[in-house]
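Positions are given from 1, in the same order as the sequence printed here.
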Amino acid sequence: QVRLVESGGGLVQTGGSLRLPCEASGRRFSLSDLAWYRQVPGQAREFVAYIDSAGRPRYADSLKGRFSISRDNGRNTVYLQMYSLKPEDTAAYFCNLKYGSAWLRSEADFASWGQGTQVTVFS
């Protein structure tokens, strides 16, 4: 069964950096698009970053160049590298994978995505 497991979250001081990996099962990883999202309790889930199968990234405008998404097809892993972290970056972070036009995790059922990995930025 195909699954996604994000990790790497934790406590980090304001201005610090953190790297989040998301490991995927399956043989078609290199042909898939990948994305990161985040969510604060009481708020809508927010798009963070996207990378297609050719390695082309795009980001939410609000991140102002502080985040970087990359992929390692040999490890079936997508990474979110975060720099200059701010308290407003505190959230649960989630990854997703798309093969063709089908996302592995459905936006119609966010509860099925699990808890993600929690990032807490403090001063």
Are Phe67 and Ile69 connected into the same hydrophobic cluster when the rule is that any two of I, L, V, M, F, W, Y join if their side-chain heavy atoms are below 4.5 Å apart? yes
Is there a path from Val78 to Tyr50 through hydrophobic residues (I, L, V, M, F, W, Y) whose side chains come within less than 4.5 Å of each other? no
Between Val119 and Met82, the two heavy atoms sitting closest are CG2-CE, 4.0 Å
Ser68 backbone acceptor or donor facing Gln81 side chain under 3.5 Å: no
Do Arg45 and Phe110 meet the cation-pi criteria used here (NZ or CZ under 6.0 Å from the six-membered ring centre, within 45° of the axis)? yes
So, does Arg71 use its side chain to make a donor-acceptor pair with the main chain of Gly55 at under 3.5 Å?
no
Would Ser62 and Glu88 satisfy side chain to side chain contact (heavy atoms under 4.5 Å, CB included), going step by step from the backbone distance to the final call? CA-CA 11 Å; Ser62 62; Glu88 64 201 70; over 6 Å; no
Report task. Scan side-chain atoms only and decide if Arg66 and Tyr83 contain a donor-acceptor pair under the 3.5 Å cut-off. Result -> no
Closest non-hydrogen atoms of Gly9 and Leu18, given as atom of the first, atom of the second and distance, are CA-CD2, 4.3 Å
Check your understanding: Is it true that Tyr79 and Phe29 fall in one hydrophobic cluster, defined by side-chain heavy atoms closer than 4.5 Å?
Key -> no
Residues Ser30 and Ser53: closest non-hydrogen pair is O-CB, 3.7 Å
query: Is a donor on one side and an acceptor on the other found under 3.5 Å between the side chain of Thr77 and the backbone of Asp72?
result: no
Chi angles and distances behind the side chain to side chain contact (heavy atoms under 4.5 Å, CB included) call for Arg38, Asp89: CA-CA 9 Å; Arg38 67 186 184 185; Asp89 296 318; 2.9 Å; yes
Residue set satisfying side chain to side chain contact (heavy atoms under 4.5 Å, CB included) with Leu11, at least two apart, ordered chain then number -> Thr120, Phe122
Look only at the side chain of Asn96 and the backbone of Arg105, and say whether a donor-acceptor pair between them is shorter than 3.5 Å.
yes
Tyr59 and Pro57 have their tightest heavy-atom pair at OH-CB, 3.6 Å
task = State, with a plain yes or no, whether a side-chain heavy atom of Asn76 is found less than 4.5 Å away from one of Ser25.
result = no
ask   = Same cluster or not: are Leu80 and Leu104 linked, directly or through other Ile, Leu, Val, Met, Phe, Trp or Tyr residues, by side-chain heavy atoms under 4.5 angstrom apart?
value = yes
Distance col, row Leu34:CG vs Trp103:CH2, nearest 0.5 angstrom, shows 7.5 Å
Between Ala24 and Leu97 the two heavy atoms that sit nearest each other are CB-CD1, 4.0 Å
Review point. Under a 4.5 Å side-chain heavy-atom rule over Ile, Leu, Val, Met, Phe, Trp and Tyr, are Val121 and Phe94 clustered together?
Key: no
Closest non-hydrogen contact found for Val48 with Leu63 is O-CD1, 3.3 Å
**Message:** As a quick check of understanding, evaluate side chain to side chain contact (heavy atoms under 4.5 Å, CB included) for Gln118 and Thr90, giving each step before the final call.
**Reply:** CA-CA 8 Å; Gln118 179 68 37; Thr90 295; 3.9 Å; yes
By ring-ring contact (aromatic ring centres under 6.0 Å, His included), Tyr37 pairs with (sequence neighbours left out) Trp113
